[in-house]
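Okay, structure first, notes after.
Note that this is a predicted model, so its numbers are computed, not measured.
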Amino acid sequence: MQEQISRAEIAGGAAPSGALVHEDTTAKWFLVSSVAYFFIVGIVAVVIAAKFVWPELMSTIPAMGYGRLRPLHVNGMLFGWLLAADMALTYYLIPRLCGVRLWSETLGKATAILWNAIILGAVVSLLMGWNQGLEYAELPLPLDVAVVVAWIMYGFNLFMTISQRRYPAMYVSIWYVMGTILWTAFVYLTGNFAVLFTTGVNQANLNWMYVHNAVGLIFTPVGLALAYYFIPKASNTPLYSHKLSMIGFWSLAFVYVWTGAHHMLHGPISQWLQTIAIAFSVMLLIPVWAAVYNFFATMKGQWHQLRDNVPLKFLMSGVVFYLLTCFQGPMHSLRAVNAIVSKTDWIPGHAHMAVLGAFSFFAIAGAYYMVPRVWGKQLYSDSLANWSYWMWMIGGIGFFVTLWLGGFWQGWQWNNPAIPFIDTVVALEPVWLVRFFSGILMFAGILFFSYNILATVLGEKPKPTAA
């Protein structure tokens, strides 16, 4: 039975019409810059995919080598596009869930300027080869310090906004945003600073704790914050169960931090640590199913809206990708499966489905929902929005599934001592070819989305309905 929740929760926290005007400048700056980076880093992604098939491509240009482009792609997608877009959308939704304006637009704009300086600095430093050589933690130390400063500015602004809220009810998206702020601080400091004081196996273990929790305690909670806000808003339907959403929140908080060591299975770490990582990885099914069931139950009787509602298409497809990636993760943490798929193309397929499937779908949906409202204009093209969805969906499925199957095949070959390693590389050429063309489709989705958003922002089509 649908749980009764407060008016603020049902309405998504929006104040009554005419009672409160949000400036939203910070949200606008973050969103526009994130969309621009999405397009730029998408080009880098296509070049990298091409290099798997044609390794001699631009091989004489140092800045275009795989070792420099890959960290740029990873950091650009994670921090230039996705986290910046998530920050934009939380600057949008937190004031509305609290019934107040953002505590300080001035502080928010300063945060946006600093964040863009960090991303531009990362582009230059990584292309120059200034790299700390740690997975997901490649940024030079001065940029890491700047990230910490920017995150303190961001977190302080949102916590002050929440502290001054008019609505006494704390909707679940607020909990997830607060969790994201605190967990990101812990995870980033561990993965980019504490790791520098360790060596060998201990450093590798800390690094993988950071890599896995960058997805699980940064992008997962903020992605779920967006989903919990925008699914009820886009469908105009109350959330099925607030209690179930809190079960998902607290179980995620308890379980996720212990799972990173499953990337070190069969390696030189303690058996007890491997076993704990496996156990908690399997327990991840609890918060995942709590969220997914809540979203599906919210949509009961509303599935017909997917025909014409583009934000809802992205949101519910993102939920399915979230379910798949979070079922796949616990399964490949099992020792028998891990012995085959660890370090293969299965892992990039899994990671891409989480970041570019589930959480980017949530962010894209949020952008399509937010932009017409904060700029007071009609979306430039509903048709282009639909095309962006289908390019992403078709390309993404081709990309993810190809890497899963290819990775399993790759791991099976690695475990066969009769097959020379170079033969396993040659055998994957068809897999990488499909990956390249799937990547082209995904980039087409990025192109359509980016153009649609920027054309809306710069265009003159007035929005006929109130925000």
Side-chain angles (χ1 to χ4, degrees), residues 26 29-30 33-34 36-37 40-41 44 63 67-88 90-91 103-161 177-199 202-219 221-222 257 260 355:
T26 302
W29 285 15
F30 264 103
S33 63
S34 70
Y37 292 130
I40 294 168
V41 180
V44 176
R68 297 190 186 182
L69 288 180
R70 199 263 179 179
L72 177 60
H73 166 60
V74 170
N75 286 275
M77 281 296 182
L78 291 181
F79 303 112
W81 149 243
L82 186 53
L83 190 55
D86 289 339
M87 292 164 77
T90 54
Y91 277 121
W103 184 71
S104 173
E105 287 286 352
T106 301
L107 180 60
K109 288 182 281 190
T111 308
I113 292 170
L114 178 56
W115 196 264
N116 278 277
I118 292 166
I119 301 303
L120 294 174
V123 171
V124 174
S125 61
L126 294 175
L127 287 180
M128 292 295 292
W130 302 333
N131 186 328
Q132 293 197 98
L134 295 167
E135 184 82 356
Y136 285 23
E138 293 92 350
L139 295 186
L141 192 59
L143 290 180
D144 282 333
V145 173
V147 170
V148 172
V149 173
W151 197 254
I152 291 172
M153 295 164 67
Y154 165 73
F156 183 75
N157 209 352
L158 290 191
F159 271 119
M160 289 301 294
T161 303
V177 170
M178 292 193 301
T180 301
I181 294 168
L182 297 176
W183 297 332
T184 299
F186 163 70
V187 170
Y188 198 86
L189 289 173
T190 301
N192 292 271
F193 294 94
V195 72
L196 301 177
F197 298 96
T198 58
T199 58
N202 289 332
Q203 187 179 67
N205 203 18
L206 268 183
N207 182 234
W208 277 109
M209 176 267 187
Y210 166 62
V211 170
H212 201 261
N213 288 310
V215 176
L217 291 178
I218 299 177
F219 296 106
V222 72
V257 72
V355 174

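With hydrogens and angles ignored, the 3.5 Å screen pairs no side-chain donor or acceptor of Gln203 with any backbone N or O of Leu196. At distances below 3.5 Å, not a single donor-acceptor pair connects side-chain atoms of Asn157 with backbone N or O atoms of Met153. Between the side chain of Ser125 and the backbone N or O of Ala122, at least one donor-acceptor pair lies under 3.5 Å. Asn207 contributes a side-chain N or O that, together with a main-chain N or O of Glu135, makes up a donor-acceptor pair within less than 3.5 Å.
Taking 4.5 Å as the limit, some side-chain heavy atom of Val123 sits within range of a side-chain heavy atom of Leu72. Looking only at side-chain heavy atoms (C-beta outward), Thr180 and Phe219 stay at 4.5 Å or farther from each other. Contact annotation: the side chain of Phe30 approaches that of Thr111 to within less than 4.5 Å [non-hydrogen atoms, C-beta and beyond]. Between Phe79 and Val147, every side-chain heavy-atom pair lies at or beyond the 4.5 Å cut-off.
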(request) Please step through side-chain contact (heavy atoms from CB on, under 4.5 Å) for the pair Asn205 and Met209, ending with a clear verdict. (result) CA-CA 6 Å; Asn205 203 18; Met209 176 267 187; 5.8 Å; no
(request) Could you walk me through whether Phe186 and Val257 pass side-chain contact (heavy atoms from CB on, under 4.5 Å), step by step? (result) CA-CA 10 Å; Phe186 163 70; Val257 72; 3.8 Å; yes
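Remark: Trp208 pairs with His263 by the ring-ring contact (aromatic ring centres under 6.0 Å, His included) rule, at least two apart or across chains.
For the side chain to side chain contact (heavy atoms under 4.5 Å, CB included) with Ile218, the qualifying choice from Asp86, Thr184, Leu78 is Thr184, the only one to do so.
Pairs engaging residues 126-158 under the ring pair (Phe, Tyr, Trp, His ring centres under 6.0 Å) rule: Tyr91-Tyr154, Trp103-Phe156, Trp151-Tyr154 [sequence neighbours left out].
With respect to the salt-bridge test (charged N to carboxylate O, under 4.0 angstrom), the residues Arg68 and Glu138 do not qualify.
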